[in-house]
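In what follows, every chain begins at residue 1, and chains take the letters A, B, ... in the order their sequences are listed. FYI, side chains are in, hydrogens and waters are out, and symmetry mates aren't considered; it's all heavy atoms of this structure.
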Amino acid sequence: MAISEKPSVEPIRLHFSDQTKVVVTPEDEDRFMTTAADAARACEHVHNLFQWKQEFDRLLAHVHAWCKVHRDDVSRAYLAATNEGLDLFILTKGSDYRFDFDDPISTLDIDLANRFKNCPSGVTHFPDTSTEPLSSFFDPSKALQLYG
Amino acid sequence: MASEGAHLRKAESNQRFLDTISDEFADWLAIVAFYKGVHLVEAMFSREGRSSHSHAERNRRLKREHPEIWIQFRPLYDASRWFRYTDRVINPARIRSELVGHRLRGVEFMVRARLGLN
């Protein structure tokens, strides 16, 4: 029996300098025309976004795990987006400001910066009291609660 | 961009103010300690030829380029934000020892060492 070989299929190549017209056919058939260069840039953008999302998800998991390790000290954790990047708020148990928790927070802060370079963040801690509204520091309705 | 000398003079001015703050205004101890730290750090950045345009930019740069200073500076930043908003009773002795005596002193020692002033 003869073995039929599949014809090799050359990959489509998109170059950033290629101005060749490309017709894109979306699932809804609403076709549009662009250039190979713009298509290449769009592919790069999606690729970067995908990588960023993966790193962001790892950041969330890392912070959650860190909070579990420090469960005796941490009551809640929130991640808020600001114009300057991501702000991670660690709320500590008890009503007093935890000077003794500054060094673990600094260690976490530097660790996050080294591990997740595409998701720059700053870490802040303060007591989880009912007297000071969280909104003095961030908008809880727009923040992700990562722990507690 | 303010000069290195201008930032150092401002830091010294902040220190003189710190020395006058009574326990009644312990929140201002934390706030002024932070701003003295800001001027010390900016004096160092001025020597390096770049000043910061925001707290976030300064924090990122400290964290990346001077992590040992950041470890002392970050608590000043955090505490100044907290004590500026809270109306809870504040222990001035803790602020004097932890922030002024420990963290701010640490920042000042390291910055002055980098500037060759120790």
Side-chain angles (χ1 to χ4, degrees), chain A residues 59 70 73-140, chain B residues 23 25-31 33-34 37-38 41 52-107 110:
Chain A
L59 167 74
H70 294 83
D73 299 303
V74 175
S75 61
R76 290 184 282 168
Y78 290 88
L79 188 68
T82 69
N83 291 337
E84 301 284 358
L86 299 170
D87 273 341
L88 174 62
F89 294 92
I90 304 288
L91 277 61
T92 53
K93 293 180 178 175
S95 57
D96 291 334
Y97 186 85
R98 293 282 304 276
F99 291 105
D100 62 319
F101 208 47
D102 271 324
D103 285 335
I105 291 289
S106 296
T107 302
L108 171 67
D109 187 46
I110 291 173
D111 187 38
L112 294 180
N114 291 332
R115 284 175 186 264
F116 309 104
K117 295 184 190 302
N118 293 313
C119 303
S121 61
V123 187
T124 297
H125 74 94
F126 53 83
D128 190 0
T129 68
S130 56
T131 51
E132 282 80 15
L134 298 177
S135 56
S136 295
F137 301 92
F138 63 96
D139 182 350
Chain B
D23 288 354
F25 304 108
D27 50 345
W28 283 97
L29 285 171
I31 295 164
F34 165 66
V38 166
V41 167
S52 312
H53 302 293
S54 68
H55 291 311
E57 182 185 342
R58 179 181 311 109
N59 292 349
R60 274 197 301 271
R61 188 169 160 201
L62 267 183
K63 195 186 317 187
R64 186 176 60 242
E65 300 175 13
H66 303 280
E68 61 293 334
I69 297 179
W70 172 242
I71 286 170
Q72 303 303 325
F73 182 86
R74 197 203 58 73
L76 294 171
Y77 176 69
D78 260 17
S80 75
R81 292 173 79 189
W82 171 250
F83 288 113
R84 143 183 3 167
Y85 289 110
T86 186
D87 61 356
R88 298 186 66 80
V89 175
I90 300 170
N91 181 341
R94 290 298 302 276
I95 293 188
R96 289 187 194 281
S97 64
E98 298 288 346
L99 295 182
V100 181
H102 178 197
R103 303 299 183 177
L104 181 58
R105 184 175 290 181
V107 170
M110 285 186 277

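If you measure heavy-atom distances from B/Arg64 to chain A, you find no contacts under 4.5 Å at all. Neither the backbone nor the side chain of B/Asn59 comes within less than 4.5 Å of any heavy atom of chain A.
More than 12 heavy atoms of other residues, nucleotides or ligands lie within 6.0 Å of CZ in B/Arg84, so this atom counts as buried by the packing criterion.
Considering OG of A/Ser106 and NZ of B/Lys63, their distance stands at 9.5 Å, rounded to 0.5 Å. Rounded to the nearest 0.5 Å, atoms OH (A/Tyr97) and CH2 (B/Trp82) are 9.5 Å apart. One distance of note links CG of B/Asp87 with OG1 of A/Thr129; it measures 8.5 Å at 0.5 Å rounding.
Classification of the B/Tyr85-A/Phe137 ring pair by plane angle, with boundaries at 30° and 60°, yields perpendicular.
A salt bridge is defined here as a Lys NZ or Arg NE, NH1 or NH2 lying under 4.0 Å from an Asp or Glu carboxylate O, and A/Asp109 with B/Arg74 fails to meet this definition.
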Verify side chain to side chain contact (heavy atoms under 4.5 Å, CB included) between B/Arg103 and A/Asp102, making sure each step is shown before the conclusion. CA-CA 10 Å; B/Arg103 303 299 183 177; A/Asp102 271 324; 3.6 Å; yes
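A donor-acceptor pair shorter than 3.5 Å can be found between the side chains of B/Arg81 and A/Thr124.
With a 4.5 Å cut-off on side-chain heavy atoms, A/Asp96 and B/Arg94 do not count as touching.
Taking A/Val123, A/Thr82, A/Thr107, A/Asn114 one by one and counting their heavy-atom pairs under 4.5 Å with chain B, the maximum is reached by A/Val123.
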